[in-house]
S.K.: 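I am attaching a structure below and will ask some questions about it afterwards.
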Protein chains: 2
Amino acid sequence: MTDAPLDPTELGAYFALVEVSSLLQHSVEQQLRTAGLTSVQFKMLMTLLEAPGGQLRMTDLADTLVLSRSGLTYQAGLLENAGLITRSPSPDDDRSTTLALTAAGRERIFAVLPGHVDVVRRLLLDPLDRTQLDALGALLTRVRDHMRAAPPRSAAPRTRKRADQ
Amino acid sequence: MTDAPLDPTELGAYFALVEVSSLLQHSVEQQLRTAGLTSVQFKMLMTLLEAPGGQLRMTDLADTLVLSRSGLTYQAGLLENAGLITRSPSPDDDRSTTLALTAAGRERIFAVLPGHVDVVRRLLLDPLDRTQLDALGALLTRVRDHMRAAPPRSAAPRTRKRADQ
DNA sequence: TATTGTTATACTCTATAACTATA
DNA sequence: TATAGTTATAGAGTATAACAATA
């Protein structure tokens, strides 16, 4: 509702965020390619690794990764063909598909992780001391929680029922 | 060189950064589309707007946006066809192409900016008070400067002269 | 010989809409 | 009727390599 333009402090924080994340993303992408993974695929594997039981439903993963369902289906197909994950019907809800890491998937992650961590450390972590790192983490976590408070992507209606677009 | 895995603090900051930037990117992209711009195109226009004289060389813009030269050529072509920028040979170096904002380009930016600012404010700025915003900006600027200290993308050799790799 | 930019090409990825099946 | 996922489709975007021109 506020219509005022951003002041220099706001602009600075915003632009720095955009620049930092795109530089980091680019370097990370380059490193992951040596292991035959894109960053989206890496995120999928990592998210599964962290999930309880190493399993996750399609929709939940799509929301976490900010990806469309069909986009996730495509990527899941690639990872399944590569033998890194499995897709199986969920036990409790027959509409759902549950993704699970395979042993090969786990191995792949652990194979990439050192190089990945190296890039993240070199670009993002090295220039900050412990206190600054704590602060950055706290601030970004606060922002993320705020962003996540909005309804996720999958909650959007898929069939239009209103005339007002 | 450090081979240790990331500790929870490091992981937290890293993951929060990735998540925040992809959520923000997604919302921004959606808003910009209402004005017929992608985020890359918006960044190009904004960078030109901020540049001294509203002009910039291709290579400099490619480095700033972390984009390949050919990718930038493609996007510059789109913006030129849309009448938002002009491309002309640089006065001092005949190899270079200088991009410049047109009046229509400036108008387009100012037309999108309020909605854009609104998204940024709502997602990124609102959950932070002044002190926190200052801190976030300072931290990210520090990281960015560190990242930018490395040689830019365009400095990479384009013809391989060594047998190694 | 190095640098700037363009082009040709091929490919990856993503989203929209339609469709099926289950709750 | 709403939700979960897949598929078909089509388009947009990116990079690599080869090329032309200038420094």
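Being a predicted model, the structure only gives us computed values, none of them experimental.
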S.K.: What nucleic acid atoms does A/Ser90 come within less than 4.0 Å of, heavy atoms only: base, sugar-phosphate, or nothing?
M.R.: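 Nothing: the residue A/Ser90, judged by heavy atoms under 4.0 Å, touches no strand.
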
S.K.: According to a strict under-4.0 Å criterion, is B/Gln75 in side-chain N/O contact with OP1 or OP2 of D/dT14?
M.R.: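 Indeed, a polar side-chain atom of B/Gln75 lies that close.
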
S.K.: Would you say A/Gln132's side chain and A/Asp129's backbone share a donor-acceptor pair under 3.5 angstrom?
M.R.: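 Judged by distance alone, yes, a pair lies under 3.5 Å.
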
S.K.: Round to a whole Å and report the spacing from NE2 of B/His26 to C1' of C/dC13.
M.R.: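 Taking NE2 of B/His26 and C1' of C/dC13, I get 14 Å after rounding.
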
S.K.: Checking A/Thr102 side chain against A/Leu84 main chain: does a donor-acceptor pair fall under 3.5 Å?
M.R.: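 The answer is yes, because a donor-acceptor pair under 3.5 Å joins these two groups.
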
S.K.: Heavy-atom nearest nucleotide on DNA chain D for B/Asp93 versus A/Met58: which residue maps closer to 5'?
M.R.: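 The 5'-side residue here is A/Met58.
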
S.K.: Please classify the nucleic acid contact of A/Leu61 as base, sugar-phosphate, or nothing, using heavy-atom distances under 4.0 Å.
M.R.: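 Answer is nothing: A/Leu61 stays at 4.0 Å or more from every strand.
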
S.K.: Need one value for B/Arg87: base, sugar-phosphate or nothing, where a base atom within 4.0 Å counts as base even if backbone is also close, heavy atoms only.
M.R.: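 Here B/Arg87 touches the backbone only, sparing every base.
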
S.K.: With a 3.5 Å cut-off and heavy atoms only, can you find an N or O donor on one side and an acceptor on the other between the side chain of A/Thr97 and the base of D/dT6?
M.R.: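 Flag unset: no donor-acceptor pair detected.
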
S.K.: Does a side-chain N or O from A/Arg57 land closer than 4.0 Å to OP1 or OP2 of D/dA4, or not?
M.R.: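 Indeed, a polar side-chain atom of A/Arg57 lies that close.
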
S.K.: Taking any heavy-atom pair under 4.0 Å as a contact, classify A/Thr73: base, sugar-phosphate, or nothing.
M.R.: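 Base contact - A/Thr73 has a heavy atom under 4.0 Å of at least one base atom.
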
S.K.: Taking A/Ser21 for its side chain and A/Val18 for its backbone only, find out whether a donor-acceptor pair lies under 3.5 Å.
M.R.: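 Judged by distance alone, yes, a pair lies under 3.5 Å.
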
